[in-house]
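Working notes, beginning with the structure itself.
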Amino acid sequence: MAFFLTRLNVGDYDAWKPMFDEDGPGARRSGVGHRIFRNADNAAEVYILVEFATADEARDGRAKLLASGVLDRFADKTDPVIIEEAEAVRY
């Protein structure tokens with residue numbers, strides 16, 4: 001499994017979420033799932049984790065997202081990084 005992870009300050013979450021759901025860039029089309037996390041102290045700051053079967057698919061999704069320019073509308077953001085799980089521990 002591989003993922004891309006990005007952070008955005010979306011401002012109004014309720015206005016942003018329907019646009020995210022549309023996935024205009026098609027960045028999540030080949031993904032197997034995603035999770036959205038919100039900062040507990042700043043609900044406008046979100047972290048998006050998109051899961052893919054392979055690192056190449058994650059890179060392709062990231063490339064689609066970046067090429068679309070959709071992230072350019074956010075002044076406060078971290079561009080998506082490709083990550084792979086190193087270890088998982090459940091308690």
Side-chain angles (χ1 to χ4, degrees):
M1 290 297 181
F3 308 83
F4 74 61
L5 175 67
T6 191
R7 180 197 61 82
L8 304 169
N9 187 319
V10 298
D12 181 350
Y13 179 86
D14 293 327
W16 167 81
K17 182 64 167 63
M19 291 182 283
F20 172 82
D21 290 341
E22 289 178 14
D23 188 23
R28 299 188 317 270
R29 224 166 264 143
S30 65
V32 297
H34 72 272
R35 295 179 74 179
I36 300 172
F37 303 90
R38 291 173 82 175
N39 181 328
D41 296 320
N42 177 5
E45 183 176 59
V46 299
Y47 295 79
I48 304 163
L49 181 71
V50 183
E51 183 176 351
F52 297 86
T54 68
D56 285 339
E57 288 178 359
R59 286 183 192 97
D60 183 57
R62 177 186 187 270
K64 287 178 182 174
L65 182 60
L66 291 173
S68 75
V70 73
L71 295 180
D72 296 341
R73 71 178 83 164
F74 302 101
D76 182 6
K77 68 178 180 289
T78 303
D79 282 343
V81 295
I82 305 301
I83 58 176
E84 295 179 303
E85 187 170 354
E87 181 177 346
V89 177
R90 303 248 187 237
Y91 295 101

How would you list, by chain and number, every residue that makes a ring pair (Phe, Tyr, Trp, His ring centres under 6.0 Å) with Phe37, sequence neighbours excluded?
-> none
Ignoring hydrogens and geometry, is there a side-chain-to-backbone donor-acceptor pair from Thr6 to Thr78 under 3.5 Å?
-> yes
Inter- and intrachain pairs under salt bridge (charged side-chain N to carboxylate O under 4.0 Å, His left out), touching residues 10-21, at least two apart | Lys17-Asp21
Taking ring pair (Phe, Tyr, Trp, His ring centres under 6.0 Å) as the test, write out the residues that go with Phe3, two or more places apart.
-> none
Heavy-atom pair with the smallest gap, counting every atom of Ser68 and Pro25 = OG-CG, 3.4 Å
Of all pairs that satisfy side chain to side chain donor-acceptor pair (under 3.5 Å), the ones with a partner from residues 26-40, not counting sequence neighbours | Asn39-Glu45
Could you tell me which non-hydrogen atom of Ala58 sits nearest to which non-hydrogen atom of Ala2, and how far apart they are?
-> CB-CB, 4.1 Å
How does the hydrophobic cluster around Phe20 look, that is, which other residues are in it when side-chain heavy atoms under 4.5 Å mark a link?
-> Phe4, Leu8, Val10, Tyr13, Trp16, Ile36, Val46, Ile48, Val50, Phe52, Leu65, Leu66, Val70, Leu71, Phe74, Ile82
Does anything in residues 73-91 pair up under salt bridge (charged side-chain N to carboxylate O under 4.0 Å, His left out), and if so which pairs, sequence neighbours excluded?
-> Arg7-Asp76
With sequence neighbours excluded, residues passing side chain to side chain contact (heavy atoms under 4.5 Å, CB included) with Ala44 | Asn9, Asn42
Apart from Tyr91 itself, residues in the same hydrophobic cluster as defined by side-chain heavy atoms under 4.5 Å | Val89
Return the set of residues passing side chain to side chain contact (heavy atoms under 4.5 Å, CB included) with Asp60 (not counting sequence neighbours), or none when no residue passes.
-> Lys64
